[in-house]
Amino acid sequence: MISRHVFGQPIETGAVIMTIPESTQAIAVMNTALGEDGITLSCQMADTDVVYGLGEQVRGMNKRGFSYISYATDDPIHTENKHSLYAGHNFLILSRTNEPSFGIFVDDPGRVVFDVGETKLDQLCITAGSDCTIYIIKGSSLKDIARQFRELIGQSYIAPKWAFGYQQSRWGYSCEADIRKVVDEYHTRGIPLDAVYLDIDYMKDFKDFTVDEEKFPDFSGLVSDMKEKGVHLVPIIDAGVKIEKGYPVYEEGVQNGYFCKDEDGQDFVGAVWPGKSHFPDFLNSRAGEWFGNKYQWLMDQGIDGFWNDMNEPALFYSEKRLKSVMDEILSMKDENLGLHSFYHMKGRIDSLSGNPEDYESFCHNIDGVKVRHDKVHNLYGFYMTKAAADAFERIAPDQRTLMFSRSSYIGMHRYGGIWTGDNASWWSHLLLSIQQMPSLNLCGILYTGSDIGGFGSNATQDLLMRWLEFGIFTPLMRNHAAAGTREQEVYQFDNIEDFRNIIRIRYGLLPYIYSEYMKAVFNNDMYFRPLSFDFPDDAHAASVEDQLMVGESIMIAPVYTQNATGRYVYLPQDMLMVRMKSMENKSCQIMSKGHHYIDIALNELVFFVKKNHMLPLAAIDDSVRSTTDCHFHRPDSDYEWIGFADESAEYMLYDDDGSTKSYTPKDQWIKIVRSAKELSL
């Protein structure tokens, strides 16, 4: 059951697709207070209550004990004291033991604060603007609440099948030779690879929809050559448009009024990679259509995948603030800078990037209505990605195009996925990635993953291996690193055969991963779930923060600590433990319900299969270089079925052509039944 409560005059965000009548009743599950600064909703939490959700945020799966601010921020240092990351995912579920659980979605694209027991340990307090819509969702279970919310906001994005293969990226692949070398190195060593990413290096002077012809003299030829090898090139697109005479994107945007305006009605000037830039007004339908159509130039070169970046929007500085700060610092050049004056100067420099006042200083024209940016800040990345997805529908309506974004809001999940941004090569960020996945799924974002190995800092061999062993299960499996860090393509490390074996296991598991992803899409389910969603009567399951349910059959318990040779695992029921060092080297063991210490070697994948469930494992040999070489789900495929059952288990296998939108109807999904004796144990 969903109730809708309207306060003030909310902006239509596009987050919700269902029509829910406005309730005339007060919000029963939370206390509501209206003040000058907006609306506050609060309620008491029992000691055993658990709070799930909020999508992309720091800290654990249970969000209790901290405050989270929904205000998209370009902050690459993801530490526990940060309150905001790149997105606004304003949905949570309060899982209660003594009262009915409920979900709440705060549809407000401005600043929203979720104080989940930081100020008062036993109080949930949400502060939003005066103009917002609140949705309260009640249901029979956590899964039911999640499913109702997913129905409210619409079906999740479906990526092409190749986008479920292993992918390699690095800020620093600066020319055609770099790309060819990466692909050759992977293929020479027999390691499957489906995509290589082009970061800002491929552009001419960091200008969107350009290619540096000196570095890439035959770009379309390179794209074609790579596709013949089964590898797709995925270029980055940034939100800021360089101010440069003669640059068509800039000149068209100025001429047609497609950029955001400052308080004086002039095109707002901020800076990102190319320096001074204008920012397309994606919330204006004409501007969004114009910018979206620009993707066609790259698609005409053979590109069929993109990642949108810097779309919080990131601001290195605004033109006006830079002048003010520089004038003040120059006035201090002859001073004897002591404690207070030095830190004042430093603070002024630090205030240049992403300053909240800058977001208050420019406006959008939402089809005739002038709206200050900070009131709709969290929609910017959403509508940039929507502009691209809408263009793909015009340019290639029958084909799937890979699209994911850094910044997002509830509703963007219909148009693309996300990656979790600029993490670091820290063990704590491997754990953070594990904990973010179910929260993102809860908000509809299914095509997601983190930068495997970590984006910043220097990856070590053991961290990369452990991260890959978790990344095997994330729909987006991309190794990505920053310029200036240690090269972390897997062939840069010793024991390459171990990396090859682990990545091949991903391809062997693809029939399961793809089936479960598509089921989650069509059934409005979660691909990743906390244990308590599957085992609601198990009191201990709600306290498990480092294990996940993956699809209908699997539970994973990744290793995420340095030098660990194993870990403690909690089994909420008897399960089948599967050990794999390669597609050929595997073993299974039935484990009883309860707590276990499991030895897990560095080069070993361990996961668990629920009782009376099974999963398909495809045969992968040396001929498989990408998903193009995989022939999954054919009726005559020789799958190995791994499972554990009293008498028999069944599985619904999904397949389609992987590239078009001709999805398989549910009545044509293939039902597989195996007796206990036919399952691999």
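Since the structure is predicted, the reported quantities are computational estimates derived from the model, not experimental observations. Along the sequence shown, residues are numbered consecutively beginning with 1.
In this structure, CG on Asn423 lies 9.0 Å from NE2 on His480, to the nearest 0.5 angstrom. Distance check, rounded to the nearest 0.5 Å: CG of Asp281 to CZ of Phe362 gives 9.0 Å. Taking CE of Met310 as the reference point, atom CG of Asp208 lies at 11.0 Å (rounded to 0.5 Å).
Ring pair Tyr514/Phe164: centre-to-centre distance below 6.0 Å. For an aromatic pair to be called close, the ring centres must be under 6.0 Å apart, and Trp171 with Trp273 satisfies this. Ring centroids of Trp419 and Phe404 are separated by less than 6.0 Å, placing the two rings close together. Aromatic pair Phe91/Phe149: ring centres closer than 6.0 Å.
The ring-ring contact (aromatic ring centres under 6.0 Å, His included) test with Phe282 is passed by exactly one of Tyr380, Tyr415, Tyr383: Tyr380. Test Phe306, Phe455, Trp307 against Tyr197 for ring-ring contact (aromatic ring centres under 6.0 Å, His included) and you get one pass: Trp307. Of the candidates Phe66, Tyr71, Tyr68, Phe66 is the only one forming a ring-ring contact (aromatic ring centres under 6.0 Å, His included) with His83. The only member of His413, Glu56, His89 that meets side chain to side chain donor-acceptor pair (under 3.5 Å) when paired with Ser408 is His89.
Asp390 and Lys386 are joined by a salt bridge, as a carboxylate oxygen and a charged side-chain nitrogen come within less than 4.0 angstrom of each other. Electrostatic pairing of Asp304 and Arg400 does not count as a salt bridge here, judged by no charged N lying under 4.0 Å from a carboxylate O. A salt bridge is absent between Lys519 and Asp525; no separation between the charged side-chain nitrogens and carboxylate oxygens falls under 4.0 Å. With respect to the salt-bridge test (charged N to carboxylate O, under 4.0 angstrom), the residues Asp374 and Arg111 do not qualify. Using a cutoff of 4.0 Å between basic side-chain nitrogens and carboxylate oxygens, Arg170 and Asp199 are not scored as salt-bridged.
Residues Thr485 and Asn458 bring no donor and acceptor atom of their side chains to less than 3.5 Å of each other. Counted by atom type alone, Arg150 and Ser156 present one or more donor-acceptor pairs between their side chains at under 3.5 Å. A side-chain donor-acceptor contact under 3.5 Å links His364 and His373. Between the side chains of Asn90 and Ser70, a donor-acceptor pair is found at a separation under 3.5 Å. Between His232 and Asp194, the side chains place no donor N or O within less than 3.5 Å of an acceptor N or O (distance only, hydrogens not considered). Side-chain atoms of Ser318 and Asp358 form a donor-acceptor pair, as typed in the model, at a separation below 3.5 Å.
A donor-acceptor pair is defined here as one N or O able to donate and one able to accept, closer than 3.5 Å; such a pair exists between the side chain of Thr13 and the backbone of Ala15. A donor-acceptor contact shorter than 3.5 Å is absent between the side chain of Arg406 and the backbone of Gly421. Judged by distance alone, the side chain of Tyr527 and the main-chain N or O of Thr474 form no donor-acceptor pair under 3.5 Å. Put simply, the side chain of Ser353 gets close to the backbone of Leu315: a donor and an acceptor are under 3.5 Å apart. In this structure, Thr561 contributes its side chain and Ala564 its backbone to no donor-acceptor pair below 3.5 Å.
Nearest heavy-atom pair, Met45 versus Arg96, reported as atom, atom and distance to 0.1 Å: CA-NH2, 4.1 Å. Here the shortest heavy-atom pairing between Phe473 and Ile513 reads CA-CD1, 4.5 Å. Between Gln547 and Ala557, the shortest heavy-atom contact is CG-CB, 3.7 Å. Scanning both residues, Met526 and Arg529, for their nearest heavy atoms gives O-NH1, 3.0 Å. Considering every non-hydrogen atom in both Met477 and Arg506, the closest pair reads SD-CG, 3.6 Å. Among all heavy-atom pairs drawn from Cys125 and Thr40, the shortest one is SG-CG2, 3.5 Å.
Residue Asn81 places its CG atom among more than 12 non-hydrogen atoms of other residues, nucleotides or ligands, all under 6.0 Å distant. For Lys143, the NZ atom counts as densely surrounded, since its 6.0 Å shell holds more than 12 non-hydrogen atoms of other residues, nucleotides or ligands. Counted within 6.0 Å of NZ on Lys294, heavy atoms from surrounding residues, nucleotides or ligands total more than 12; the atom is thus considered enclosed.
Under the 6.0 Å distance and 45° angle rule, Lys63 does not count as a cation-pi partner of Tyr52.
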task: Could you go through the salt bridge (Lys or Arg N to Asp or Glu O under 4.0 Å) check for Arg567 and Asp546 one step at a time?
output: CA-CA 11 Å; Arg567 58 159 292 172; Asp546 56 359; 3.1 Å; yes

